[in-house]
Amino acid sequence: MSKRILVLPGDGIGPEIVAEAVKVLDRLAGEGLAVELDEGLVGGAAYDAVGSPLPEATVAMAKEADAVLLGAVGGPKWEPLDIALRPEKGLLGLRAELGLFSNLRPAILYPQLADASSLRAEIVAGLDLMIVRELTGGIYFGQPRGVRTLDSGERQGFNTLVYAEHEIERIVRSACEIAMKRGRRLCSVDKANVLECTELWREVATRVVAHEYPEIELSHMYVDNAAMQLVKWPKQFDVMVTTNMFGDILSDAAAMLTGSIGMLPSASLNEQGQGMYEPIHGSAPDIAGKGVANPLATILSVAMMLRYSLDEPAMADRIEAAVNSVLDQELRTPDIMSEGMTEVDCMGMGDAVVAAL
Ligand code: IPM
Ligand code: MG
C-alpha cells in the first residue's frame, strides 16, 4: 500500500524549496519507496486562488494523507487582510484540524557551518538540542479572545492562556519519548512564578515524569531564564518541552544558535502519528522567486517525515547523510556561504543532494 503525501508549497520561497524536496522523494520512490504525492493550496496562494487561506479541499486531503509536506506561508502582500483571512490562519487551521499537538524543533549545528553562528564556536560546537513545543493549545487557541470596547469607550485586547491537564500530559509524554531515545534529560519551561496555568503545567510535568518515565532527569526553568541559558550555554540542554507561545519564541532563538535557520526542519505530530513537516524558516518574501533559497531545511523535513510518519528510518538516515555530504563538498547556498566555498542556487543544492543519495 502506497503512503499518501500531501504537498503544500504555500507562499514566498515555499514553491522553490518544496520542488527540491519533491525531487528527493521522487528519487527515493524510484528506489522502491511507495508514496503517492498530491498537491494542495494553503496560505496566501490559497487566498488568491479561492479566497480562503485554508480551503476545505485542502483540509480534506490533509486528513486523508499519511503526511503533509509544507513549504511556508505568508508575506507582505497579505498583511492588510483581516487576521482570519491571513495566510498564517492556514497553518494554524491545519494544526488544529489535524490535532498536531506535538511540534518537534531540533537545533543541530552542522560542524561544517560552525562559523555561521553569531556565538563563539566553543559555545555551539556539537550543539544538538530538541525543543518540543505544544502546538494546538495555550494562548494561540484559548477562548475568549478578541478586542472589546470598554464602558469608558477605550478598546481592550485580550487572549486567554489555557491548558487542561490532558493537554499537558500528552505533550510531556511526547517529549519524554524523544528524550528516552536521546540523553534522557528533559527541561520543562514555564512561568510558574507568575502564571497559574503554568504552575499547573509544572505540577503535571513533574507527575508524568515521576510516574511514567523515572529514568528521565527532569528539570524546570522559567522562560526568561531559559532564553538567557540558551544563549549562554545551550549545550546544557537535551530536550526542552514548553507551551505553544514560549516554544514559538525559544525555537527561533535556538534555531539562530546554529547560525543557519535555512538548515532546520520540523515535525508536527498528532496522536495517530500523522504528521506535518516543514522547514522552521518562513516564506522569505525578500528572496522569493530568485532561486537562491536554501532547500536543505525542507529536504531534512522529508527525512523527519520518513522517520516519524512513514516508518522508513534507513531512508531518513540516507537523506541526512546526503546533506552532510553536500556540506563536505563545500557547496553552499547564499545564506550559509563563507569564504572558499562554492556557491550554488536552490536547484543546484537540490540536485547535489539527489546526486549524493
Ligand atoms: C512558527 C510560526 C507560526 C507560529 C506563525 C507563522 C503563525 O512563527 O511556526 O513558529 O507562530 O506558530
Ligand atoms: Mg515562530
Side-chain angles (χ1 to χ4, degrees), residues 8-14 17-18 41-47 52-54 58-59 62 68-107 129-142 145 159-163 167 171 174 189 223 226-227 230 240-258 260-270 275-286 288 293 297-298 300-301 304-305:
L8 301 174
D11 308 322
I13 58 172
I17 53 179
V18 162
L41 287 167
V42 74
Y47 175 80
S52 156
L54 186 57
T58 300
V59 175
V68 178
L69 178 66
L70 184 119
V73 297
K77 180 177 171 195
W78 302 283
E79 263 159 33
L81 290 174
D82 191 78
I83 251 191
L85 293 174
R86 292 233 194 108
E88 289 77 5
K89 270 287 169 197
L91 188 57
L92 295 170
L94 275 172
R95 290 172 181 169
E97 290 279 352
L98 300 179
L100 304 170
F101 71 95
S102 178
N103 182 212
L104 314 184
R105 298 191 162 188
L129 75 88
M130 176 75 93
I131 294 188
V132 180
R133 169 188 176 194
E134 200 292 323
L135 203 60
T136 52
I139 198 165
Y140 270 54
F141 291 93
R145 62 191 297 157
N159 289 89
T160 307
L161 173 61
V162 274
Y163 274 111
E167 293 177 288
I171 192 66
S174 184
V189 177
V223 63
L230 266 179
M240 301 173 94
V241 63
T242 191
T243 65
N244 203 342
M245 187 155 86
F246 295 162
D248 178 46
I249 299 165
L250 294 180
S251 64
D252 264 27
M256 206 54 223
L257 295 174
T258 72
S260 42
I261 198 165
M263 296 294 301
L264 298 175
S266 75
S268 306
L269 305 171
N270 66 16
M276 183 158 83
Y277 298 84
E278 56 181 310
I280 279 187
H281 61 72
S283 59
D286 53 321
T298 317
L300 289 165
S301 298
M304 286 190 97
M305 175 190 289

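Both counts, for ligands and for their atoms, begin at 1 and track the order of listing. We use all heavy atoms of the structure for the numbers below, so side chains are in, but hydrogens, waters and symmetry mates are not.
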Check: Tyr140/Asn159 side-chain N/O donor and acceptor closer than 3.5 Å: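 Judged by distance alone, the side chains do not pair up.
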
Donor-acceptor pair between Ser283 and Asp11 side chains, under 3.5 angstrom: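 Their side chains do not contain a donor-acceptor pair, so the 3.5 Å distance test is not met.
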
Put together the list of close N/O pairs, under 3.5 Å, between ligand 1 and the protein, could you?
residue	atom	partner	partner atom	Å
ligand 1	8 (O)	Asp248	OD1	3.2
ligand 1	9 (O)	Arg95	NH2	2.7
ligand 1	9 (O)	Arg105	NH2	2.7
ligand 1	10 (O)	Arg105	NH1	3.0
ligand 1	10 (O)	Arg105	NH2	3.1
ligand 1	10 (O)	Arg133	NH1	3.2
ligand 1	10 (O)	Asp248	OD1	2.9
ligand 1	11 (O)	Tyr140	OH	2.6
ligand 1	11 (O)	Asp248	OD1	3.4
ligand 1	12 (O)	Arg95	NH1	2.8
ligand 1	12 (O)	Arg133	NH1	3.3
ligand 1	12 (O)	Arg133	NH2	2.8

Check against side chain to side chain contact (heavy atoms under 4.5 Å, CB included), Met263 and Thr258: CA-CA 9 Å; Met263 296 294 301; Thr258 72; 5.6 Å; no

Reported CD1-to-CD1 distance for the pair Ile249 and Ile131, which is rounded to 0.5 angstrom: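 The distance works out to 11.0 Å.
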
The Mg ion (ligand 2) - name of the N/O/S atom of Asp248 that sits closest to it: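 The Asp248 atom nearest to the Mg ion (ligand 2), restricting to N, O or S, is OD1.
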
Leu91 side chain reached by Val42 side chain, heavy atoms, under 4.5 Å: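 Side chain of Val42 against side chain of Leu91, heavy atoms only: no contact under 4.5 Å found.
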
Cation-pi check, Arg105 onto Tyr277 ring (under 6.0 Å, within 45° of axis):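 No, a cation-pi geometry is absent between Arg105 and Tyr277.
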
